[in-house]
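Right, one structure below, let's go through it.
Convention: sequence-line order gives letters A, B, ...; per-chain numbering from 1.
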Amino acid sequence: MTVRTRFAPSPTGFLHIGGARTALFSWAYAKKHGGDFILRIEDTDVARSTPEAVQAILDGMQWLGLDYDEGPFYQMQRMDRYKQVIQKMLDEGSAYYCYCSKEELDALRESQMQQGLKPRYDGCWRPEAGKVLPSPPQDIPPVIRFKNPQSGHVVWHDLVKGEISIANQELDDLIIARADGTPTYNFCVVVDDWEMGITQVIRGDDHVNNTPRQINMLMALGATIPQYAHLSMILGSDGQKLSKRHGAVSVMQYDEDGYLPEAVLNYLARLGWSHGDDEIFSKQQFCEWFDLDHITPSAAQFNTEKLNWLNAHYIKQADNEYLVSDITKRLNKLNVVVSAQSNLSAVIDLYKERVSTLNELAANIAYFYQKPVMDQAAAEKHLTVDIKPVIATLVELLKGVDWQAEPIHQVINEVVAQYQLKFPKVAMPLRVMLTGIAQSPSIDQVMALLGKDEVLARIDSALN
RNA sequence: GUCCCCAUCGUCUAGAGGCCUAGGACACCUCCCUUUCACGGAGGCGACCGGGGUUCGAAUCCCCGUGGGGACGCCA
């Protein structure tokens, strides 16, 4: 049987890191087995779903390169089908109308909680053999509930967590259609997973408790039960749960912050899944290696340092054509304009091994294209009075040099020898004058790329 | 409260009864490289939540405890 997995986000917000990992694992599982990956937008909560959120999810998926074979399907467009299935269940007696008002249900829940009971529907409208139901009130539009079995256990072998067993006694008759007739999540999922032929449902941990209800409905419909794999959650770097108000950010924010999608993907892949001691691998390699057996059942904490390390690795690997176009945009955001024929590629070469984000890269090389911002502490430390004559001598020699790193280096050496100094004694003031700070790649290389006129101008302005 | 799940270095993890005096990676520390800062290289620090079993032998299996998390919606 062909593997068919799906990612089924609800469009109530952006695609965050947890959703992205779920999508990645579902996607990789399908790829690994030569199956299909389906994108399904679960937008039945009309009040909270927005087209912007749909777009944000699509953007996130695209940025990560998680392509889908089918979809996106929108549940709101499948209403007719859901209603047919509900009618069928009504006809067959596996679903029934319930006329309880929200107020009544709230009151019931509250009193149960107070008594230390698990809050659940009391089944007052549940039809039973020999039971006399109250007569339906005229003013209350009914909801439709699923008639869940009342005894026995639902047991499934979770592909991540192992065997999970839940007593039907713990479950109540959930609402599958609202008073306005729209079906609810648990029901739509069942119909869709069934009709879309999903073979492995890979989703967040928070759905474990929905699973037995879904299995019961699937059984009532005579559908095949898919396999389930429940992924544990990703915690924030402080160990706390991620939420909109605490730490959860859009995957697009990582783009914004200067992370490469391959780094984010690689990082996410290793969060909760492992392949021996392997840490760095391509998307391709990941698809070949990925399996559900090596997913940790416990929650994982997000760690930015490790993401940074991976990002640094992928920046080193990135080809300059890509970097030039990306960094140009980031420089523009910093109000630094770089012309198309600039030496940006060479400058990037000088810096790509020294940064961990693209933003850092852009910020670090900005001085090539605009006047450096002088760091006062560095200036005070290195731009001393006694160094002025040395630099003056250097300037004279520099004027006649063939403007390449090697000859420049030799000229500096000459001055170093002439004044009987150590190399850094000359290189450091130079570095500060040219870059504004005390750290940079080899100063001769920096000078070579900065250009003779610019170097002389900066030295001149620093000296005076 | 009830039900479900989880538990190895600070963090991500390897580990499917002997290969474990517990391996790797990030971070941290030291040294080397060096023109500063990085990169890179070599070392170092550092963990099986507790208690009972089972077994010749347990990080690995079972039970209890503790801790953490999730679910309990006419949200998904």
Side-chain angles (χ1 to χ4, degrees), chain A residues 8-12 42-45 47-49 75 98 100-102 105-106 109 112-120 141-145 158 160-162 164-167 169-172 174-186 188-189 203-212 230 232-233 235 237 239 241 267 270-280 293-294 296-310 312 316 351-356 364 378 382 409 412 416 422-428 430-432 435 437-444:
Chain A
S10 67
T12 54
E42 311 217 319
D43 53 358
T44 50
D45 183 354
R48 294 197 304 156
S49 297
Q75 290 186 322
C98 166
C100 290
S101 67
K102 278 185 190 175
L105 293 171
D106 287 345
R109 215 183 339 265
Q112 286 168 329
M113 284 281 237
Q114 272 174 1
Q115 291 172 57
L117 298 170
K118 184 167 182 164
R120 66 223 281 207
V143 298
I144 299 170
R145 289 183 183 270
D158 195 275
V160 171
K161 294 176 184 287
I164 299 179
S165 167
I166 292 171
Q169 279 188 334
E170 296 297 328
L171 274 22
D172 62 358
L174 75 157
I175 293 172
I176 59 177
R178 302 177 177 93
D180 66 5
T182 59
T184 58
Y185 163 77
N186 270 299
C188 297
V189 167
R203 67 200 341 181
D205 215 343
D206 47 337
H207 290 288
V208 168
N209 294 276
N210 291 324
T211 307
H230 288 99
S232 298
M233 51 188 310
L235 274 19
S237 23
K241 187 192 175 183
Y267 178 72
R270 265 312 266 105
L271 206 55
W273 174 84
S274 63
H275 184 266
D277 289 339
D278 296 303
E279 294 288 350
I280 293 178
D293 299 336
H294 291 83
T296 334
S298 55
Q301 206 166 307
F302 192 88
N303 183 249
T304 309
E305 275 79 42
K306 187 156 178 186
L307 207 213
N308 285 345
W309 169 70
L310 278 163
K316 280 178 221 160
Y351 272 87
K352 69 197 280 192
E353 296 206 341
R354 336 167 53 87
V355 297
S356 55
N364 285 359
H382 298 288
H409 186 79
I412 299 174
V416 164
K422 295 277 191 195
F423 194 94
K425 190 69 184 161
V426 180
M428 288 310 292
L430 219 38
R431 180 166 280 126
V432 174
T435 72
I437 57 175
Q439 303 83 240
S440 84
S442 294
I443 197 60
D444 42 37

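Rounded to whole angstrom, the span from the CG atom of A:Asp172 across to the P atom of B:rC3 amounts to 15 Å. Atom C1' of nucleotide B:rG15 and atom NE2 of A:His294 are separated by 10 Å, given to the nearest angstrom. Per the geometry, CD belonging to A:Glu170 stands 17 Å off P belonging to B:rA71, to the nearest Å. One atom, CG of A:Asn186, and another, C1' of B:rA76, lie 9 Å apart when rounded to the nearest Å. The NE2 atom of A:His230 sits 12 Å away from the P atom of B:rC5 (whole-angstrom rounding).
Across B:rU60 and B:rA42, the matching C1' atoms stand 34 Å from one another, rounded to whole Å. A distance of about 16 Å separates the P atoms of B:rG24 and B:rC9, rounded to the whole Å. Annotation: B:rU66 and B:rA38 have their C1' atoms spaced 46 Å apart (nearest Å). B:rA22 and B:rG69: their P atoms are spaced 31 Å apart (whole Å). Taking atom P in both B:rA25 and B:rC45, the straight-line distance is 14 Å, to the nearest Å. B:rA47 sits 25 Å from B:rC63 when the C1' atoms are compared, rounded to a whole Å. One P atom belongs to B:rG17, the other to B:rA59, and the distance between them is 13 Å to the nearest Å. For B:rC19 and B:rC62, the C1' atoms lie 25 Å apart once the distance is rounded to whole Å.
Nearest to the side chain of A:Tyr185, among B:rG70, B:rC72, B:rA76, sits B:rA76. When distances are taken from the side chain of A:Ala300 to each of B:rA76, B:rU35, B:rC12, the shortest belongs to B:rC12. Which of B:rC74, B:rG69, B:rC3 sits closest to the side chain of A:Asn209 comes down to B:rC3. Checking B:rC4, B:rC39, B:rG73 against every side-chain atom of A:Arg109, the shortest atom distance belongs to B:rG73. Set against B:rA7, B:rG40, B:rA76, the side chain of A:Ser298 has B:rA7 as its closest nucleotide.
Although no hydrogens or angles enter the test, the distance criterion places no donor-acceptor pair under 3.5 Å between the side chain of A:Asp43 and the main chain of A:Pro11. A donor-acceptor contact shorter than 3.5 Å is absent between the side chain of A:Ser356 and the backbone of A:Trp309.
In terms of polar N and O atoms assigned as donor or acceptor, the side chain of A:His382 never comes within less than 3.5 Å of the base of B:rU36 in a complementary pairing. Side-chain atoms of A:Asp206 stay outside donor-acceptor range of the base of B:rA76, with no qualifying N/O pair under 3.5 Å. Judged by distance alone with a 3.5 Å cut-off, no donor-acceptor contact links the side chain of A:Arg270 to the base of B:rU13. With hydrogens and angles left out, the side chain of A:Asp277 and the base of B:rG23 share a donor-acceptor pair within 3.5 Å. A donor-acceptor contact under 3.5 angstrom links the side-chain atoms of A:Glu279 to the base of B:rG24.
Nucleotide B:rC20 has no partner under the Watson-Crick or G-U criteria, as no pair reaches both atom distances under 3.5 Å. When both distances must be under 3.5 Å, the Watson-Crick or G-U wobble mate of B:rC3 is B:rG70. In this structure, B:rC49 forms a base pair with B:rG65, meeting either the Watson-Crick or the G-U wobble geometry with both donor-acceptor distances under 3.5 Å. Both distances falling under 3.5 Å, in either a Watson-Crick or a G-U wobble arrangement, occur for no nucleotide opposite B:rU35.
Side-chain atoms of A:Asn186 and A:Thr184 form no donor-acceptor pair, as typed in the model, at a separation below 3.5 Å.
Taking both residues in full, the closest heavy atoms of A:Gln301 and A:Ser237 are given as NE2-O, 2.9 Å, listed atom of the first, atom of the second, then distance. The two atoms that bring A:Glu42 and A:Ser49 nearest to each other are O-OG, 4.5 Å, heavy atoms only.
Between A:Thr296 and B:rU13 there is a side-chain polar atom (N or O) within less than 4.0 angstrom of OP1 or OP2. Using a 4.0 Å cut-off, no side-chain N or O of A:Lys352 falls inside it from OP1 or OP2 of B:rC39. Distances shorter than 4.0 Å separate some side-chain N or O of A:Thr44 from OP1 or OP2 on B:rA76.
Backbone-only engagement by A:Ser274 is indicated by non-hydrogen atom pairs under 4.0 Å involving sugar-phosphate atoms exclusively. Within 4.0 Å (heavy atoms only), A:Ser165 reaches sugar-phosphate atoms of the nucleic acid but no base atom. Using a 4.0 Å heavy-atom criterion, one finds that A:Pro9 contacts no nucleic acid atom at all. Residue-level contact check: A:Leu271 touches the backbone only, with heavy atoms under 4.0 Å from sugar-phosphate atoms and none from bases. Among the atoms of the strands shown, only primed sugar atoms or phosphate atoms (P, OP1, OP2) are found under 4.0 Å from some heavy atom of A:Lys316. Heavy atoms of A:Pro119 sit under 4.0 angstrom from at least one base atom. Across all strands, A:Val143 comes closer than 4.0 Å to base atoms (heavy-atom distances). Within the 4.0 angstrom heavy-atom criterion, only backbone atoms of the sugar-phosphate kind lie near A:Lys161; the bases stay farther away. Here A:Cys100 lies in heavy-atom contact (under 4.0 Å) with a base. Residue contacts shown for A:Gly204 are absent, as no nucleic acid heavy atom lies under 4.0 Å away.
A:Arg145 and A:Asp172 are not joined by a salt bridge, as no carboxylate oxygen comes within less than 4.0 angstrom of a charged side-chain nitrogen.
Nearest-nucleotide mapping onto RNA chain B: of A:Ala179 and A:Asp293, the residue sitting toward the 5' end is A:Asp293. The residue among A:Leu117 and A:Arg431 whose nearest nucleotide of RNA chain B is located toward the 5' end is A:Leu117.
A 4.5 Å side-chain heavy-atom check between A:Val208 and A:Ile164 finds at least one atom pair inside the cut-off. Between A:His294 and A:His275 there is no side-chain heavy-atom pair separated by less than 4.5 Å. The closest side-chain heavy-atom distance from A:Thr182 to A:Thr44 is not below 4.5 Å.
Scanning for side chain to side chain donor-acceptor pair (under 3.5 Å) contacts around A:Ser440 gives A:Arg431, with sequence neighbours left out. The side chain to side chain contact (heavy atoms under 4.5 Å, CB included) search around A:His409 returns A:Asn413, A:Phe423, A:Asp444, not counting sequence neighbours.
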Polar atoms only, N or O, under 3.5 Å: list the protein pairs with nucleotides 26-29 of chain B and their distances.
from	atom 1	to	atom 2	distance (Å)
B:rC26	OP1	A:Trp309	NE1	3.3
B:rC26	O2'	A:Glu305	O	3.4
B:rC26	O2'	A:Lys306	N	3.1

